[in-house]
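What follows is one structure encoded as structure tokens, with my remarks underneath.
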Amino acid sequence: MEYRTKYRDWMQKYFAAHADEKVRARDVYEKMTAEGLSINLATVYRNLDRLEKENVLKGHKTAGEDEKFYQYMRPKMDCESHLHLLCSRCGKIIHLNCGFMNEISQHLMEEHGFAIDCGQSMLVGLCRECRMALSEEKGKDKT
């Protein structure tokens with residue numbers, strides 16, 4: 001039986017609307033309180049843990065960050081079978097669900113004897129928009 005509360009339902013809708021973003025517990029808490037919901041941070045964490053256990057969310061922690069962030073696991077998107085790209089500047093999450101996944105998985109197995117666990121894997125870098133913005137900023141610095 002699925003445990004449901006108004007907080008859990010709100011969080012699930014929020015994550016679905018922000019599916020391609022990195023979201024922390026404090027982001028959820030701040031948004032909920034800004035919308036007038038009376039909730040404490042411990043309740044936010046408890047609901048995030050439940051949603052993670054139900055595979056609605058996937059928690060990640062990158063090197064250099066103290067706080068875990070959560071990603072919405074889109075139904076029928078099969079997020080466990082492809083890598084995700086995380087922009088370290090804006091927090092955008094990109095699903096790498098293309099034919100390249102087969103190539104990289106095969107290469108890692110054949111050349112390195114390594115089977116990748118896509119559900120636990122995220123590549124961190126800069127998205128196209130952030131790279132362009134940084135390039136523009138560097139151009140302005142030169143003038």
Side-chain angles (χ1 to χ4, degrees), residues 1-140:
M1 183 174 157
E2 184 178 287
Y3 180 76
R4 296 185 59 120
T5 67
K6 68 179 177 179
Y7 300 132
R8 183 193 184 287
D9 290 344
W10 186 96
M11 286 182 194
Q12 199 161 352
K13 288 176 187 169
Y14 178 78
F15 275 96
H18 296 86
D20 296 325
E21 299 173 27
K22 152 178 149 172
V23 179
R24 294 180 182 91
R26 64 183 154 89
D27 300 326
V28 174
Y29 172 75
E30 289 170 4
K31 183 68 175 168
M32 291 179 87
T33 56
E35 289 190 10
L37 291 167
S38 178
I39 191 168
N40 62 46
L41 194 53
T43 303
V44 170
Y45 277 109
R46 196 167 37 256
N47 278 278
L48 291 173
D49 286 344
R50 280 191 188 119
L51 289 169
E52 190 174 6
K53 285 176 183 161
E54 295 168 7
N55 294 318
V56 173
L57 301 177
K58 183 74 167 178
H60 300 277
K61 198 169 182 184
T62 58
E65 289 188 347
D66 294 331
E67 193 174 359
K68 189 184 219 182
F69 71 90
Y70 298 87
Q71 169 194 0
Y72 181 65
M73 302 299 282
R74 292 179 181 174
K76 300 179 185 173
M77 187 77 158
D78 199 19
C79 286
E80 296 294 324
S81 68
H82 62 260
L83 292 173
H84 294 85
L85 310 176
L86 171 65
C87 180
S88 59
R89 186 168 188 242
C90 71
K92 181 190 315 182
I93 296 173
I94 301 167
H95 297 262
L96 192 61
N97 56 348
C98 57
F100 177 70
M101 281 306 307
N102 293 334
E103 290 178 44
I104 195 167
S105 294
Q106 186 175 355
H107 170 80
L108 290 172
M109 182 56 76
E110 290 175 2
E111 298 295 321
H112 307 281
F114 189 84
I116 192 166
D117 179 356
C118 291
Q120 298 295 321
S121 302
M122 183 164 296
L123 301 175
V124 180
L126 291 173
C127 69
R128 178 179 296 132
E129 292 80 10
C130 287
R131 280 194 336 277
M132 289 173 55
L134 286 173
S135 179
E136 290 173 8
E137 289 172 14
K138 286 180 184 177
K140 289 179 185 177

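The side-chain heavy atoms of N47 and R50, taken from C-beta on, include a pair separated by under 4.5 Å. For the pair V28/M32, a side-chain contact is recorded, criterion being any heavy-atom separation below 4.5 Å from C-beta on. For the pair L126 and L134, the minimum side-chain heavy-atom distance is below 4.5 Å.
The NZ atom of K31 sits 14.5 Å away from atom CD1 of I39, with the distance rounded to the nearest 0.5 Å. Here CG of L85 is found 5.5 Å from CD1 of I94. Values are rounded to the nearest 0.5 Å. Distance check: M109 CE to F114 CZ gives 9.0 Å after rounding to the nearest 0.5 Å. Between the CG atom of D20 and the CG atom of L86 there is a distance of 11.5 Å, given to the nearest 0.5 Å. With rounding to the nearest 0.5 angstrom, the CZ atom of R8 is 4.0 Å from the CD atom of E54. Within the model, atoms CG of L83 and CD1 of I116 stand 4.5 Å from one another, a figure rounded to the nearest 0.5 Å.
Judged by distance alone, with hydrogens and angles left aside, the side-chain atoms of Y7 form a donor-acceptor pair with the main-chain N or O of S38 at under 3.5 Å. A donor-acceptor contact shorter than 3.5 Å links the side chain of D27 to the backbone of R24.
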Check your understanding: Given R131 and R128, is the side-chain contact (heavy atoms from CB on, under 4.5 Å) satisfied, shown in steps?
Key -> CA-CA 5 Å; R131 280 194 336 277; R128 178 179 296 132; 4.2 Å; yes
Exercise for review: Mind running side-chain contact (heavy atoms from CB on, under 4.5 Å) on H112 and H107 for me, showing each step along the way?
Suggested key: CA-CA 8 Å; H112 307 281; H107 170 80; 3.3 Å; yes
Check your understanding: Could you walk me through whether T43 and N40 pass the side-chain hydrogen bond (donor to acceptor under 3.5 Å, both in side chains) check?
Key -> CA-CA 5 Å; T43 303; N40 62 46; 2.9 Å; yes
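Counting all heavy atoms, side chain and backbone alike, A19 lies closest to Y72 at CB-CD2, 3.8 Å. Heavy atoms only, all atoms of each residue included: N55 and M73 are closest at O-CB, 3.6 Å. When every heavy atom of C87 is checked against every heavy atom of C127, the shortest pair comes out as SG-N, 3.4 Å. Nearest heavy-atom pair, V124 versus S88, reported as atom, atom and distance to 0.1 Å: CG1-CB, 3.8 Å.
The residues R89 and E137 are annotated as salt-bridged, a charged nitrogen and a carboxylate oxygen being separated by less than 4.0 angstrom. Using a 4.0 Å cut-off between charged nitrogen and carboxylate oxygen, R26 and E30 do not count as a salt-bridge pair.
Here ring-ring contact (aromatic ring centres under 6.0 Å, His included) pairs that include residues 9-41, with residues two or more places apart or in two chains, are W10-Y14, Y14-H18.
A side chain to side chain donor-acceptor pair (under 3.5 Å) with Q71 is found for one member of E52, E21, H84, K22 and no other, namely H84.
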